Amino acid sequence: DQQVKQNSPSLSVQEGRISILNCDYTNSMFDYFLWYKKYPAEGPTFLISISSIKDKNEDGRFTVFLNKSAKHLSLHIVPSQPGDSAVYFCAASDSTGNQFYFGTGTSLTVIP
Amino acid sequence: EAGVTQFPSHSVIEKGQTVTLRCDPISGHDNLYWYRRVMGKEIKFLLHFVKESKQDESGMPNNRFLAERTGGTYSTLKVQPAELEDSGVYFCASSQFGRYNEQFFGPGTRLTVL
């Protein structure tokens, strides 16, 4: 049973516009959430994270929003660039850090 | 600083054969994780080592999978005997002790079982 879900397998956005990637989770014990970016034939690379005590974390063009009551988080990329085209994975863990649960990924295409 | 490396990058074997995947974590990283991604699905946790000890192996599919990390350095994941459903990309990740959320992933090993 998947505890982290990314319901949009793909997303296309025009260069310069905002990309919004969504993620839902079911386990209320999760207290740390991460976004990873993956290019073909490479491993995922860490992008940005957020702790459950916050509702927003920003790093340059990337912002992650967390809505604990809805068990939902989103990644905003503004402005989107062609180099952002990749598969984005949402992940979550509890406080032990022993297990990480990933979603199925959303493939983002930024059109020049 | 060298990243996480995995060997081989690809492996094609027949059902019933044995395959051993290797992961070399970043030097000094005590935490080592194995994950698997079956095509189009989620990246699924397999197990977590802290140094040479298995911290959590609840994600291992069955007893055909055996992971070791002798000496707390590199790790191996053996599949014996391999089945068709074992096909996928196996990722290894490592992180410093106490920094569970800063995992660095290797490029993965693509395993195809025919």
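Model, not experiment: these values are computed from the prediction. Below, read A as the first sequence line, B as the second, and so on, with proteins coming before strands; counting in each chain starts at 1.
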When the 4.5 angstrom heavy-atom criterion is applied to B:Q103 and chain A, the contacting part is both
Honestly, the part of A:Y32 sitting under 4.5 Å from a heavy atom of chain B is side chain
CD (B:E52) and CG (B:D30) are apart, to the nearest 0.5 Å, by 9.0 Å
Pair count under 4.5 Å, heavy atoms only, with chain A: among B:R37, B:K44, B:R110, highest is B:R37
Please tell me whether B:Y35 and B:E42 have a donor and an acceptor in their side chains that are separated by less than 3.5 angstrom. no
In terms of heavy-atom pairs under 4.5 Å with chain B, the winner among A:G103, A:S107, A:G105 is A:G103
Bottom line for A:S93: the part with an atom under 4.5 Å from chain B's heavy atoms is side chain
Original post:
Using a distance-only test with no angle check, is there a side-chain donor-acceptor pair under 3.5 angstrom linking A:Y36 and A:K38?
Top reply: no
Report the C-alpha distance between A:L66 and A:F33 in whole Å, list the side-chain angles of each, state the deciding distance to 0.1 Å, and finish with yes or no for side chain to side chain contact (heavy atoms under 4.5 Å, CB included). CA-CA 9 Å; A:L66 175 62; A:F33 304 88; 3.8 Å; yes
Check: Checking B:R22 against B:Y74: charged group under 6.0 Å from the ring centre and within 45 degrees of the axis?
Finding: yes
Counting the benzene-type ring for Trp, do B:Y33 and A:F100 have ring centres under 6.0 Å apart?
yes
Turns out that what part of A:Q2 lies under 4.5 Å from chain B's heavy atoms comes down to side chain
Whatever's closer than 4.5 Å to a heavy atom in chain B on A:Q99 counts as both
